[in-house]
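Letters A, B, ... are given to chains in the order of the sequence lines, protein chains preceding strands, and every chain is numbered from 1.
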Amino acid sequence: MTKKDCVRFAPMIGAREGELSEVEARALAAHLAMCRRCQELAARFARTDGLVAEALLARANARDFAPFVDQVMDRIGTGAPQGARSGRGLLGWVGRHWKGTLSVTAPALAALAVFMYVHFGGPGQVASLEISSQGVSTVLQTSDGPVVLLPPEEHPS
Amino acid sequence: MEADDLALVERARAGERDAFRALVVRFQRKVYAVALGIVKDPDLAWDVAQETFVRVHRGLGDFKGDSAFSTWLFRIATHLSIDAVRRERSARKEDVDEVRESDLEDGGEGILATPLGTDPRQNALRRELGEKIEEALATLPEKHRTILVLRELEGLSYEELAERLGIHKGTVMSRLFHARKKMQAALREYAGIRGDADRDGEDET
Ligand SMILES: [Zn+2]
């Protein structure tokens, strides 16, 4: 049992059912059966598993959320959702973020979208990422749904 | 639950404020918990959670329901949280994802030597440990906090983590490994809480 084996297998400890390939899962099981160090590591990880979620949810549950929803509803105003329309002077930090990263990420994402169309765009398949610019805001159509990027002109430099 | 979410989403999309309000109430605490785990500061987490719902409301018209509403919601919360941290963080050396032989060294177990069951006698220990977990989590680098929070709180798989964070599955695994090791190391520093919690348990019997 060399440390080299452990370096390979230690990151697999804590994988859930189906997350490792069959080959990986079998190799990990064989290693764990023989390696005391990784057995102990697995036991320690198991002891803390779930504690982070428990602690954070406990903290969230202890906080008074009474004003939260009213504050959100105040911020979205009275209009119906408009999809990818431009923002209305929202928090400055949001605008600063997208201003900084939009120019960097958009070309990369566009290239990725092209890649995905080329490689996965066969009959009956839809690329899972596309980009559109509508007016002053940009919408990333990710596989999970649209992510609206705020217009950079909120913070003229 | 998911079908119920979609029904609310449809109504919210049609402009029913009560429906959107119900979605906010349904997810507000979990979104806040995710944000808190990543940004650490409770007030910043509150702002991030609010901004998440504002973003979601604005994007409802484009949400096609290809994935679960909650997946979309937490994706936005994750990105806003990470961004909030990165804006505030001063430039400092990033930890590598690679796992090296030295990372396997064991530094002892401290308070983690005993499994934490659901025995009521251990409630005091659990409660106190909850606070220590949060403190320990806060000592981790942002990328390690984030992956641990998404794995544990949102329950994302390796594949989903890779997609969410834009990294390879191998990196997901090694980053999670480092995050767990760091949590263990951070928790060892709080070994002192052990004795008090045990005494509380003894008194209840
Ligand atoms: Zn090993």
Side-chain angles (χ1 to χ4, degrees), chain A residues 3-4 6-8 10-16 18-19 37 40-41 44-61 63 65 68-69 71-73 75-76 78-85 87 90-91 93-94 96-97 101 128 139 141-148, chain B residues 12-15 17 21 24-25 28-30 32-33 36-37 42 47 49-51 53-55 57-64 66-67 71-72 75-76 79 83-84 87 99-101 104 106 109 112 115-116 129-131 133-134 137 148-149 152-153 157-158 173-174 176-177 180 183-184 187:
Chain A
K3 274 200 170 184
K4 218 168 190 166
C6 297
V7 164
R8 177 179 163 216
M12 296 183 189
I13 293 171
R16 296 175 191 148
E19 289 189 317
R37 187 193 296 128
E40 287 170 358
L41 193 63
R44 281 205 304 277
F45 283 179
R47 271 173 220 145
T48 48
D49 196 33
L51 292 181
V52 165
E54 192 178 311
L56 291 172
L57 286 172
R59 177 55 70 100
N61 286 330
R63 183 158 183 169
F65 264 75
F68 187 91
V69 68
Q71 288 172 7
V72 170
M73 298 311 285
R75 285 187 54 195
I76 64 176
T78 53
Q82 297 290 326
R85 266 200 341 180
L90 292 167
L91 287 183
W93 61 268
V94 177
R96 279 196 299 280
H97 160 60
T101 57
S128 59
V139 185
Q141 292 291 352
T142 72
S143 57
D144 289 332
V147 175
V148 180
Chain B
R13 213 205 302 254
R17 287 172 63 83
R21 196 180 173 89
V24 174
V25 170
Q28 59 190 6
R29 288 182 192 274
K30 195 166 174 189
Y32 172 79
L36 179 63
D47 288 346
Q50 292 227 329
E51 182 61 26
F53 287 107
V54 170
R55 260 342 154 80
H57 184 264
R58 194 179 321 147
L60 275 178
D62 293 307
F63 177 67
K64 296 182 178 71
D66 296 335
S67 66
T71 304
W72 178 50
R75 161 186 287 277
I76 292 172
H79 289 315
D83 181 60
R87 273 178 302 99
V99 176
R100 303 191 186 102
E101 292 186 358
L104 296 164
D106 177 24
E109 298 200 27
L112 303 173
L116 293 164
L129 185 60
E131 292 167 17
I133 290 282
E134 205 183 325
L137 185 67
L148 210 49
V149 167
E152 292 213 1
L153 196 47
S157 68
Y158 289 163
M173 292 163 70
S174 53
L176 261 177
F177 170 79
R180 286 174 171 144
M183 277 300 286
Q184 307 252 327
L187 284 168

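When heavy atoms are compared at a cutoff of 4.5 Å, Leu137(B) approaches chain A solely by way of its side chain, counted from C-beta outward. Using a 4.5 Å cut-off between heavy atoms, Arg8(A) does not touch chain B at all. Both the backbone and the side chain of Ala15(A) come within less than 4.5 Å of a heavy atom in chain B. Neither the backbone nor the side chain of Ala58(A) comes within less than 4.5 Å of any heavy atom in chain B.
Here the shortest heavy-atom pairing between Leu60(B) and Ala12(B) reads CD1-CB, 3.8 Å. When all heavy atoms of Met183(B) and Ile133(B) are compared, the closest pair comes out as CE-O, 3.8 Å. Across all their heavy atoms, Pro11(A) and Tyr158(B) have their closest contact at O-OH, 4.1 Å.
Between Tyr32(B) and Phe65(A), the ring centre distance stays below 6.0 Å.
Contact count versus chain A (heavy atoms, under 4.5 Å) is highest, among Met173(B), Gln50(B), Arg180(B), Lys30(B), for Gln50(B).
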Go through Glu131(B) and Arg59(A) one step at a time and tell me if the salt bridge (Lys or Arg N to Asp or Glu O under 4.0 Å) criterion holds.
CA-CA 9 Å; Glu131(B) 292 167 17; Arg59(A) 177 55 70 100; over 6 Å; no

